[in-house]
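Just below is one structure, and these are the notes that go with it.
Order of the sequence lines sets the chain letters (A, B, ...), proteins ahead of strands, with each chain counted from 1.
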Amino acid sequence: MAEDRSADARAADARTADDRTAEHGPRYDAAALQAKWLPRWDVLKSFRTDDPADKRPRKYILDMFSYPSGDLHMGHAEAFALADVLARYWRQQGFNVLHPIGWDSFGLPAENAAIKRGVDPREWTYANIAQQSASMKQYATSVDWDREIATSDPEYYKWNQWLFLKMYEKGLAYRKDSWVNWDPVDQTVLANEQVLPDGTSDRSGAIVVKKKLTQWYFKITDYADRLLDDLNQLEGSWPPKVLAMQRNWIGRSQGADVDFVIEGREARITVFTTRPDTLYGTTFMVVAPDSDLAAELVNGSTDAVRTSFADYLVQVQKTTEIERQDASREKTGVFLDRFAVNPINGERIPIWAADYVLADYGHGAVMAVPAHDQRDLDFARKFGLPVRVVLDTNQPVTGAIPVLPINPETGEAELPDDLAPLDPAHTGVALTGDGRMINSGSLNGLSKSNAIKRITEQLDAAGNGRASKNYRLRDWLISRQRFWGTPIPIFHAEDGELVPVPEEQLPVRLPSTEGLDLQPKGISPLGAADDWVNVTLPDGRAVRRDPDTMDTFVDSSWYFLRFLSPRDDTRAFDPKEADKWAPVDQYIGGVEHAILHLLYARFITKVLFDLGYVNFTEPFSALLNQGMVLSGGSKMSKSRGGVNLGDEITAHGVDAIRLTMVFAGPPEDDINWEDVSPAGSAKFLARAWRLAQDVTSAPEIEWRTGDHALRRITHHFLAEAPGLIEAFKFNVVVARLMELVNATRKVIDSGAGGADAAVREATETVALGLSLFAPYTAEEMWEQLGYPPPVALYGWRKADKTLLVETSITAVFQVDGKVRDKAEVSPKIDQADLEKLALASAGVVRALGDRSIVTVIVRAPRIVNIATKP
RNA sequence: GCCGGUGUGGCGGAAUGGCAGACGCGGAGCACUCAAAAUGCUUUGCUCGAAAGGGCGUGUGGGUUCGAGUCCCACCACCGGCACCA
């Protein structure tokens, strides 16, 4: 083996060995660096952004603020490391960067902990905030601590109440009595967005039940179209997944409302359908059994129907949400012995009640077209209802309108022979594809989309239908029957009148918990705070305060604006500051908020736009979803154990943990902590740090005199890194830094030594680059190199273009696409010379053998490919 | 079922249509050491071969191209979201 090694390598072996025994120099000590720099940075306050005269361009970099439920964990460590890279990067690029921090400090965990320990939620919350902010400072996030906010401060939640009142004025906050999601463990209502797909609460994990209650709602459905359409603006700067999830959640369907006359009922029943083209194929109607409509229709029916319906309703209400959503479940239903009239052909169709129709979507009733809708077909086959095909899916959509065979007896088009085998009545498979209309009067021959257009016009003209849209999105239920939240600023008069709390009386502060039982019991604990809840108005009326608190997602729906003027006690935020800084240029957070928080924040931003407080309609111009940190393949949490951030920091140092987070892979990807090496990161940091120890030249040294090859590597790094950062390829930047460190090490050990100018230049570049990821190490290096702190405020250096020009290039010679030889050539070599060189090279000659050349592709100076045949 | 995403060494991952596997982890060997740790150096896709040098190789199958991890078509697998939403 030893024979293969170069003389240089052996010399290096010997030298490093000697150095180590001889020197006993200082060792890299992460804990010591943290202890040294943290207090100094505290004094410097380098990341304040409050100078109104600052003329630099601005960037607003924000990570989703954290819930102070304990100390920081690995998930925070990843998110904050990533966001901090961007904040520090843009600062280096000459931007005035706003990177604030705050605490989403209202909510159930504080309240539950308070109940458990018998203390005020305030104590628990603010103790946690103190602990987390200390950890965050140690973690060296480059934030402006002067702008720190906590949503549980009255100075903050006052403005939640202000926002509520504004929305109330505009009719966007309203009360209604409705079926709501009820969490039986936390004893509070939940928004739809907080119910997981398996029907459990996202907080407590309890199976959510339905309860009929009067609650406060925000009218987010008024904004459904804008929330959906404006997603197009975010295309390319938000993750496709989040855009898809939001679109899905809003769930807009286009179609038509169709009015059906009901026998024995004055008012018509309107149904929503996305397939008005199939109106001729409607053979029955279905209403949701739990709708008011069903109850009313049953009332007007026979005793027998009333009995069977009552039984059915009991059965339906016993069904859990989870069972109900199972599409493979057998269809159930009862005939109501009532009839509707199809407006297009006057046909009399029976009305059924069945739980596959939902009371709170559309109008709670559907026109059933079994031939072209699978659910209707399943129902029709179960209960022996007729199936009529009105769209021939065998016919091509384009081309001449086919001539349809007419049955002379009925005068109707017959099912074409080739369609008969597909008859849904027999196959049980609905025909949902496109084709040509049949059995549909004036629609015959039209394609699906043309028929939809035509029939909608016809219905509209006749006054019994119109184009219509429906949404999956529901209004946002914001009341919570819990203590630790923003009180809703409304008085209830005895006659039921709602009296908004006058703005000048805000904030409506939470009372002391003294004497209050916070134990969840289904009604808000605030209702029992007699002194607080009972108020006499100036006009002498005795009123009661609304005892509920707001969903904490109200707090987080506008907090990014509060950071802009965090101490302003005259308004929620200063619109002038909003003009300057907002919207957020880069938002960073977990994908778990893809719908909840992001949808609400987008909604409130649009409301504030409509109210004239901001001049933009989307709060977050770009979004990055960091992955999760996993341990043993599953998400880490306090209950499940896993890796503890504090322990990791103690073992490897803050810088090594931060570096590990960014080096692990692309930011969006999950990190399996077992797959990465914080010890390896620490080793690299020590290597980088040692470079600064070894530099012996003074800061004034002339770069140009240094090692040329190393200078080229340095300047390639300077040229390449910014693009990589902006593409979020932090891991690649770290890799390039490692290469730069390795190259510098080599020059020190086996080249010009620590006095070389290029060694200083490279080491300074390492410090500047490293300051994005490992602030302590970078700061220490910077000081060692002879500069005052903070390294974070030194600008990025421009690459010297003359050093980027290649002087020699490795040309690759291929035969039939396989590399057979290489040669060092001038970048200016011309095509003919390169071809000659290739054809003459030993590797090419050997590979060619006696094969004959078909073509030679030359792309000077990089590649020659010779295509051959035997 | 619909929508979004991802498939590259033992592992994390890199690669404007032009040398696949940068950088790191892990492994192997060596140096230093009484020894170990730490550190440094060398090496490391699989495979045939003593070597020189071959063959294979980016989920599968096709296609475009002188040339495909990258572009196109059709699949497969996995992850995530939605789903009796008319």
Side-chain angles (χ1 to χ4, degrees), chain A residues 1-2 4-6 8-21 27 197 239-249 251-253 255 271-275 286 324-329 331 354-358 360-369 373-376 378-379 432 470-472 591 594-595 660 663-666 668-672 674-677 679-681 683-684 686-687 690 729 731-739 742 745 749 810-819 821-822 843 846-847 854-859 862-868:
Chain A
M1 275 316 267
D4 297 341
R5 300 172 56 213
S6 69
D8 271 1
R10 267 173 283 139
D13 273 2
R15 201 166 17 252
T16 41
D18 285 348
D19 289 351
R20 229 203 57 266
T21 41
R27 292 177 59 88
K241 179 183 181 171
V242 176
L243 296 174
M245 284 171 75
Q246 292 228 352
R247 290 192 176 111
N248 233 327
W249 187 262
R252 180 165 66 197
S253 305
V271 301
F272 172 73
T273 177
T274 53
R275 295 293 305 276
V286 186
R324 209 193 55 73
Q325 284 184 6
D326 179 6
S328 62
R329 209 171 112 243
K331 292 280 181 292
D355 69 353
Y356 79 91
V357 174
L358 310 175
D360 62 351
Y361 184 80
H363 305 282
V366 302
M367 55 177 243
V369 186
D373 181 284
Q374 192 60 48
R375 296 152 302 180
D376 296 342
D378 294 344
F379 191 82
T432 54
N470 256 289
Y471 307 89
R472 218 186 73 94
V591 74
I595 294 171
T660 303
F663 185 55
E668 308 81 16
D669 289 6
D670 290 347
I671 300 173
N672 232 322
E674 287 75 30
D675 292 339
V676 295
S677 172
S681 300
K683 189 167 119 184
F684 162 68
R687 277 169 66 79
R690 215 171 299 123
K729 295 184 176 187
N731 55 330
V732 181
V733 176
V734 175
R736 297 288 173 267
L737 266 172
M738 288 171 169
E739 288 171 324
N742 292 342
R745 184 81 255 157
D749 287 349
T810 307
V812 175
F813 304 146
Q814 299 180 331
V815 176
D816 294 324
K818 290 199 175 91
V819 179
D821 216 336
K822 297 174 187 184
R846 191 187 319 114
V854 180
T855 33
V856 181
I857 306 291
V858 186
R859 294 282 180 273
R862 299 223 175 255
I863 202 155
V864 177
N865 189 14
I866 301 157
T868 69

Glycosidic class, syn or anti, of B:G9 using a 90° window around 0:
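Syn conformation for B:G9.
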
My understanding is that only residues two or more places apart in sequence, or in another chain, count here; which of them pass side-chain contact (heavy atoms from CB on, under 4.5 Å) with [X]?
X        : result
A:Ala664 : A:Ile671, A:Val676
A:Val819 : A:Val812, A:Gln814, A:Lys822
A:Ile595 : A:Glu193, A:Met245, A:Trp249, A:Leu599
A:Ala847 : A:Val815, A:Arg820

Euclidean distance for P, B:C19 against B:A28 (whole angstrom):
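My reading of the P atoms in B:C19 and B:A28 gives 33 Å.
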
Considering only atom C1', compute the distance from B:G21 to B:C11 and round it to an integer number of Å.
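Each nucleotide's C1' atom is 13 Å from the other's.
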
By ring-ring contact (aromatic ring centres under 6.0 Å, His included) - contacts of A:Phe379 (at least two apart)
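Partners of A:Phe379 by the ring-ring contact (aromatic ring centres under 6.0 Å, His included) criterion, ordered by chain and then number, come out as A:Phe284, A:Trp352, A:Tyr356, A:Phe383.
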
Under the salt bridge (Lys or Arg N to Asp or Glu O under 4.0 Å) rule, collect the residues that match up with A:Glu739, sequence neighbours excluded.
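Testing A:Glu739 for salt bridge (Lys or Arg N to Asp or Glu O under 4.0 Å), a comparison that skips the adjacent residues, returns A:Arg736.
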
Applying side-chain hydrogen bond (donor to acceptor under 3.5 Å, both in side chains), can you list everything that pairs with [X], at least two apart in sequence or on another chain?
X        : result
A:Arg745 : A:Asp694, A:Asp749
A:Arg472 : none
A:Asn248 : none

Scan nucleotides 51-56 of chain B nucleotide by nucleotide, 5' to 3', and note B when protein non-hydrogen atoms come under 4.0 Å of the base, S if they reach only the sugar-phosphate, - if neither.
--SSSS

At under 4.0 Å between heavy atoms, which parts of nucleotides 57-70 of chain B does protein reach? Answer with one letter per nucleotide, 5' to 3': B base, S sugar-phosphate only, - none.
---------BS---

Does A:Arg329 come within less than 4.0 Å of A:Asp355, counting only side-chain N to carboxylate O?
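A salt bridge links A:Arg329 with A:Asp355.
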
Kindly give the atom pairs (protein nitrogen or oxygen, nucleotide nitrogen or oxygen) under 3.5 Å for nucleotides 2-6 of chain B.
residue : atom : partner  : partner atom : Å
B:G4    : O2'  : A:Lys241 : N            : 3.4

